[in-house]
Protein chains: 2
Amino acid sequence: MSHSQIPRPTDSELEIMQILWQHGPASVRFVNDLLSEKRDVGYTTTLKLLQIMYEKGLVTRDDTNRTHVYQAAFKESDMQQRLLDQFVDTAFRGSAVKMVMQALGNHRASRAELDEIKALIEKLEKDKE
Amino acid sequence: MSHSQIPRPTDSELEIMQILWQHGPASVRFVNDLLSEKRDVGYTTTLKLLQIMYEKGLVTRDDTNRTHVYQAAFKESDMQQRLLDQFVDTAFRGSAVKMVMQALGNHRASRAELDEIKALIEKLEKDKE
DNA sequence: AAGTTTATACGAAACATTTCGTAAGTCAAA
DNA sequence: TTTGACTTACGAAATGTTTCGTATAAACTT
């Protein structure tokens with residue numbers, strides 16, 4: 001199927017995307033086993049979700065074998081960027097900086113992580129010269 | 001009505017919250033006028049949404065006059081923090097730092113903004129000592 | 001080969017969200 | 001006082017999401 005525009009995944013769909021990104025191509029069984037560790041979910045529910053995600057173009061699948069193997073259709077970082085843009089727009093009126101400040105202010109980041117961010121900022125500022 | 005737990009606002013609801021945060025307490029008419037500038041939406045649609053938001057506890061209202069006046073039930077920053085936590089969990093597997101890096105990497109922030117963030121980081125690092 | 005387990009497909013119920021039509025009341029102007 | 005504009009309340013259609021039961025076929029076990 002062809003898709004002019006990929007829709008934003010729902011929360012449930014994103015949960016499954018996470019599994020596919022973390023573990024690579026996987027069967028319904030595999031996805032459902034991992035999903036079941038976190039919450040109560042039936043096998044056919046997971047199957048149906050993956051089928052819908054396939055129709056939406058969120059995942060691809062290999063159905064040469066009886067057990068189909070699903071795979072994320074997008075890189076995690078690309079999807080994150082899209083979700084981030086959307087989130088900044090709706091929750092922070094488009095201000096990524098405000099969002100960053102809020103995230104740093106209340107999430108306890110380690111010193112190493114803070115240093116990493118600081119280094120990125122300095123690199124960005126250098127690029128600006 | 002009493003509420004044990006306030007649900008996450010939907011996208012449409014958040015759009016209305018933004019208006020209430022930006023302009024303060026407002027009538028359905030006022031909200032709908034602003035909303036209509038961006039997209040096509042009927043008056044009773046906006047009314048219904050505000051009524052539902054009232055039932056959910058997202059807004060309060062003053063109904064002493066015929067024209068009810070609605071008001072956000074939460075500070076914008078509090079809501080942003082809640083949405084942010086949720087977003088980081090679902091989209092970045094809990095890593096606020098990764099999210100920040102991605103936001104800074106792809107959003108063009110001004111030098112002044114970058115400096116502001118750097119200052120915050122240095123303050124946080126000082127607090128860590 | 002017969003029975004058990006495992007797979008997909010599909011329909012539909014249950015639930016949530018979005019949208020709006022219609023009814024009924026209030027208010028102000030003609 | 002009648003008319004018209006404006007208001008809230010409410011029901012319900014339209015759409016999207018989540019869940020699972022059932023049917024059917026394939027593969028494995030004994």
Side-chain angles (χ1 to χ4, degrees), chain A residues 1 3-20 25-71 83 86 90-91, chain B residues 1 3-20 25-71 83 86 90-91:
Chain A
M1 197 182 300
H3 294 277
S4 47
Q5 213 200 316
I6 303 303
R8 174 161 57 131
T10 66
D11 283 354
S12 294
E13 287 168 349
L14 196 51
E15 211 177 354
I16 289 180
M17 294 296 278
Q18 299 290 1
I19 290 175
L20 295 179
S27 65
V28 175
R29 174 67 55 198
F30 183 85
V31 171
N32 186 63
D33 283 352
L34 285 194
L35 223 46
S36 299
E37 288 175 8
K38 302 244 164 191
R39 54 193 190 80
D40 210 31
V41 58
Y43 176 85
T44 55
T45 300
T46 303
L47 169 65
K48 182 68 164 185
L49 262 173
L50 278 164
Q51 287 171 339
I52 290 171
M53 291 166 75
Y54 174 66
E55 283 165 18
K56 289 184 179 177
L58 289 171
V59 299
T60 60
R61 79 176 171 193
D62 175 350
D63 54 5
T64 52
N65 297 308
R66 183 165 83 106
T67 300
H68 299 354
V69 174
Y70 291 85
Q71 184 171 203
L83 294 173
Q86 230 250 214
T90 61
Chain B
M1 199 182 301
H3 295 276
S4 46
Q5 212 199 320
I6 303 302
R8 172 161 59 131
T10 66
D11 282 353
S12 296
E13 288 168 348
L14 196 50
E15 211 177 354
I16 289 180
M17 295 296 277
Q18 298 291 0
I19 290 175
L20 295 179
S27 65
V28 176
R29 174 67 54 195
F30 183 85
V31 171
N32 187 63
D33 283 352
L34 285 194
L35 224 47
S36 297
E37 288 174 10
K38 302 242 166 194
R39 55 193 188 80
D40 211 33
V41 57
Y43 177 85
T44 55
T45 301
T46 304
L47 169 66
K48 183 69 163 186
L49 263 172
L50 278 163
Q51 286 171 340
I52 290 170
M53 290 166 75
Y54 174 67
E55 281 165 19
K56 289 183 179 176
L58 290 170
V59 298
T60 60
R61 80 175 171 193
D62 175 348
D63 55 5
T64 51
N65 297 307
R66 183 164 84 104
T67 300
H68 297 356
V69 174
Y70 291 85
Q71 186 170 207
L83 293 173
Q86 230 251 216
T90 62

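Predicted, not measured: the structure shown is a model, and the values here were computed from it. Just so it is clear, the values below take in all heavy atoms, side chains as well, and ignore hydrogens, waters and symmetry mates. Here is how names work: the chains are called A, B, and so on, in the same order as the sequence lines, proteins then strands, and each is numbered from 1.
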Short N/O separations, protein against nucleotides 28-30 of chain D, under 3.5 angstrom:
none

Quiz item: Listed by chain and number, what are the side-chain contact (heavy atoms from CB on, under 4.5 Å) partners of Thr45(B), not counting sequence neighbours?
Solution: Val41(B)
Quiz item: When we call it a touch if two heavy atoms are under 4.0 Å apart, what does Thr45(B) touch: a base, just sugar-phosphate, or nothing?
Solution: base
Quiz prompt | Spacing between Tyr54(B) atom OH and dC10(D) atom P, to the nearest angstrom | solution = 12 Å
Quiz item: When you check the phosphate oxygens OP1 and OP2 of dT19(D), does a side-chain N or O of Arg39(A) lie under 4.0 Å from one of them?
Solution: yes
Quiz prompt | For atom CG of Asp11(B) and atom C1' of dT19(C), their distance in whole Å | solution = 16 Å
Practice problem: Please report, rounded to the nearest Å, how far the P atom of dC20(C) is from the CD1 atom of Ile52(B). | Solution: 13 Å
Quiz item: Can you find a heavy atom in the side chain of Pro25(A) that is under 4.5 Å from one in the side chain of Leu20(A)?
Solution: no
Exercise. Using only side-chain N and O atoms of Thr10(B), determine if any of them is under 4.0 Å from OP1 or OP2 of dT18(C).
Key: yes
Self-check item: Integer-rounded Å distance: dA9(D) P and Leu49(B) CG
Solution: 15 Å
Quiz item: Rounding to a whole Å, what distance do you find between Phe30(B):CZ and dC6(D):P?
Solution: 17 Å
Quiz prompt | Residue pairs involving residues 26-48 of chain A (criterion ring pair (Phe, Tyr, Trp, His ring centres under 6.0 Å); sequence neighbours excluded) | solution = His23(A)-Phe30(A)
Self-check item: Between dT17(D) (P) and Glu13(A) (CD): distance, integer Å
Solution: 7 Å
Exercise. Output every pair passing salt bridge (charged side-chain N to carboxylate O under 4.0 Å, His left out) with a member in residues 8-17 of chain B, not counting sequence neighbours, ordered by first then second residue.
Key: Arg8(A)-Asp11(B), Asp11(A)-Arg8(B), Glu13(B)-Lys56(B), Glu15(B)-Arg39(B)
Quiz prompt | Atom pair distance, as rounded to whole Å: CZ in Arg8(B) and P in dA16(C) | solution = 14 Å
Quiz item: To the nearest angstrom, how far is Asn65(B) atom CG from dT8(D) atom C1'?
Solution: 14 Å
Exercise. Output all residues satisfying side-chain contact (heavy atoms from CB on, under 4.5 Å) with Thr67(B), sequence neighbours left out; order by chain, then residue number.
Key: Ser27(B)
Quiz prompt | Residues which pass side chain to side chain donor-acceptor pair (under 3.5 Å) with Asp33(B), listed by chain and number, not counting sequence neighbours | solution = none
Exercise. At under 4.0 Å between heavy atoms, which parts of nucleotides 6-11 of chain C does protein reach? Answer with one letter per nucleotide, 5' to 3': B base, S sugar-phosphate only, - none.
Key: BBBB-B
Practice problem: Hey, could you give me the CG/OH distance between Leu58(A) and Tyr70(A), rounded to the nearest 0.5 Å? | Solution: 12.5 Å
Quiz prompt | side chain to side chain donor-acceptor pair (under 3.5 Å) involving Gln18(B) - partner list, sequence neighbours excluded | solution = Arg93(A)
Quiz item: Can you name the side chain to side chain donor-acceptor pair (under 3.5 Å) partners of Thr46(A), sequence neighbours left out?
Solution: Asn32(A)
